[in-house]
Novice: 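My questions will all concern the structure given below.
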Amino acid sequence: MPTSAANTLVVLDFETTGLSPNQGDRAIEIGAVLIEDGVITQRFSELMNPGFRISRFIEDYTGISNQMLRDAAPCNEVMARFADFIADHNLVAHNAAFDQRFLDAEFAQIRHRYLGQFGCSLLVARRLYQAAPNHQLGTLVRYKQLPTDGTFHRALADAEMTGHLWLAMLADLQQEFGVNAPTFELLQKIAKKTKADVPKFLRQYAGK
DNA sequence: TGCCAGGCCCTCTTTAGGGCCTT
């Protein structure tokens, strides 16, 4: 039995020292929002000290400096608090494979396991918004005119925008495809379809 | 020594190559 409420999920985003935990990269910031019944009800945002200096590229890319990280709590402390935040909820991220690799790597450091399933807003958006110029998060925010304060590449801001993107996709499934009460599980199914198969699949799903 | 992410997805494909997306 899943322990997570059906309409509850956590949308998360990592800022990291690079692209691969297998190459020694670590998380430097985690941001997340808890969405309950289509509404953001809680937020989580913390910097974390990876234990080594980050590159100039990452400082410029994220706006997170070595000075900001100097006094931040170590990754293990922050991730223990984050484990409590996500509990056993399902998880969503934009290009989830990236964030899942870092979540798994950081949780392995503290020997923590989670039960939630990962959903990927990038994979779903590629199928639902095939006319978008591209499927970068920032492009999709503009394309769908989603709420933003103009901050990009910071964890909480990106998590909030990804949350709004997920909610927009749920709303579009309802309004444009006639799907009654679309679920996390439906978006998981859409992510596994080919682009060409999605319209037919949704028509059948909606009973049209 | 030399290399160095990883997975999805499309196509001039499948005995492969390259763009996209994340930091």
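Letters A, B, ... are given to chains in the order of the sequence lines, protein chains preceding strands, and every chain is numbered from 1.
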Novice: Give me the distance, rounded to whole Å, that separates B:dT15 from B:dC20 when you measure between the P atoms they each carry.
Specialist: 25 Å
Novice: Return the residues of residues 54-81 of chain A meeting this criterion: a heavy atom under 4.0 Å from some atom of DNA chain B. Order them by number, or give none.
Specialist: A:F57, A:I58, A:Y61, A:T62
Novice: Please determine whether side-chain hydrogen bond (donor to acceptor under 3.5 Å, both in side chains) holds for the pair A:E15 and A:T62, giving the CA-CA distance in whole Å, both sets of side-chain angles, and the decisive distance to 0.1 Å.
Specialist: CA-CA 7 Å; A:E15 303 307 316; A:T62 63; 5.5 Å; no
Novice: If the P atom of B:dC21 is compared with that of B:dC4, how far apart are they to the nearest Å?
Specialist: 23 Å
Novice: Under the rule for side chain to side chain donor-acceptor pair (under 3.5 Å), what residues qualify as partners of A:R26, not counting sequence neighbours?
Specialist: A:E106
Novice: Going by number, which of residues 137-172 of chain A have a non-hydrogen atom under 4.0 Å from DNA chain B?
Specialist: A:L137, A:H153, A:D158
Novice: Keeping the roles fixed (side chain from A:N49, backbone from A:A73), state whether a donor-acceptor pair exists under 3.5 Å.
Specialist: no
Novice: With C1' as the reference atom in both, quote the distance from B:dA5 to B:dT23 in angstrom, rounded to an integer.
Specialist: 11 Å
Novice: Calculate the interatomic distance between A:F102 atom CZ and B:dT22 atom C1'; express it in whole Å.
Specialist: 9 Å
Novice: For B:dC3 versus B:dG7, give the span between their P atoms, rounded off to a whole number of Å.
Specialist: 22 Å
Novice: For nucleotides B:dC12 and B:dG17, find the distance between their C1' atoms and express it as a whole number of Å.
Specialist: 11 Å
Novice: Examine A:V124 and A:M161 and state if one hydrophobic cluster contains both, with Ile, Leu, Val, Met, Phe, Trp and Tyr joined whenever side-chain heavy atoms are less than 4.5 Å apart.
Specialist: yes
Novice: For nucleotides 4-7 of chain B, list the nitrogen or oxygen atoms of the protein found under 3.5 Å from its nitrogen or oxygen atoms, one pair per line.
Specialist:
unit_1: B:dC4; atom_1: O2; unit_2: A:Q23; atom_2: OE1; d: 3.4
unit_1: B:dG6; atom_1: OP1; unit_2: A:N22; atom_2: ND2; d: 2.8

Novice: Show me the protein contacts with nucleotides 16-18 of chain B, counting only N or O atoms at under 3.5 Å.
Specialist:
none

Novice: In chain order, what residues pass the side chain to side chain donor-acceptor pair (under 3.5 Å) check against A:N76, with sequence neighbours excluded?
Specialist: none
Novice: Taking salt bridge (Lys or Arg N to Asp or Glu O under 4.0 Å) as the definition, give me every residue that meets it alongside A:R56, ordered by chain and number, with sequence neighbours left out.
Specialist: A:D60
Novice: How many Å lie between CZ on A:F14 and C1' on B:dC21, as a whole number?
Specialist: 17 Å
Novice: Treating Ile, Leu, Val, Met, Phe, Trp and Tyr as nodes and any side-chain heavy-atom pair under 4.5 angstrom as an edge, say whether A:L123 and A:L137 lie in one connected cluster.
Specialist: no
Novice: Between A:L123 (CG) and B:dC10 (P), how many Å, whole number?
Specialist: 11 Å
Novice: Would you mind listing the cluster partners of A:F57? Hydrophobic ones only (ILVMFWY), side-chain contacts under 4.5 Å, chaining allowed.
Specialist: A:I28, A:L47, A:I54, A:I58, A:Y61, A:I64, A:M68, A:L69
Novice: When the nearest nucleotide of DNA chain B is assigned to A:G18 and to A:A191 on a heavy-atom basis, which residue is associated with the more 5' position?
Specialist: A:A191
Novice: State which residues pass side chain to side chain donor-acceptor pair (under 3.5 Å) with A:T139; sequence neighbours excluded, sorted by chain then number.
Specialist: A:N134
Novice: Which Ile, Leu, Val, Met, Phe, Trp or Tyr residues join A:F107 in one cluster when any pair of side-chain heavy atoms under 4.5 Å counts as a link?
Specialist: A:V10, A:L12, A:F14, A:L19, A:I30, A:L34, A:F44, A:M48, A:V78, A:M79, A:F82, A:F85, A:I86, A:L91, A:F98, A:F102, A:L103, A:I110, A:Y114, A:F118
Novice: With a non-hydrogen cut-off below 4.0 angstrom, is A:N134 in contact with a base, only sugar-phosphate, or nothing?
Specialist: sugar-phosphate
Novice: Please measure how far the P atom in B:dG18 lies from the corresponding atom in B:dT13, and state the result in whole Å.
Specialist: 14 Å
Novice: Just to be sure I understand the rule, does A:D25 reach a base, reach only the sugar-phosphate, or reach nothing, if contact means heavy atoms closer than 4.0 Å?
Specialist: nothing
Novice: Check the hydrophobic clustering (I, L, V, M, F, W, Y; side-chain heavy atoms under 4.5 Å; chains of links allowed) and say if A:F201 and A:F184 are grouped together.
Specialist: yes
Novice: Please determine whether residues A:L173 and A:L140 belong to a single hydrophobic cluster, defined as Ile, Leu, Val, Met, Phe, Trp and Tyr linked transitively by side-chain heavy-atom distances below 4.5 Å.
Specialist: yes
Novice: The criterion is salt bridge (Lys or Arg N to Asp or Glu O under 4.0 Å); which residues satisfy it with A:R43, sequence neighbours excluded?
Specialist: A:E160
Novice: Output all residues satisfying side chain to side chain contact (heavy atoms under 4.5 Å, CB included) with A:R70, sequence neighbours left out; order by chain, then residue number.
Specialist: A:Q67
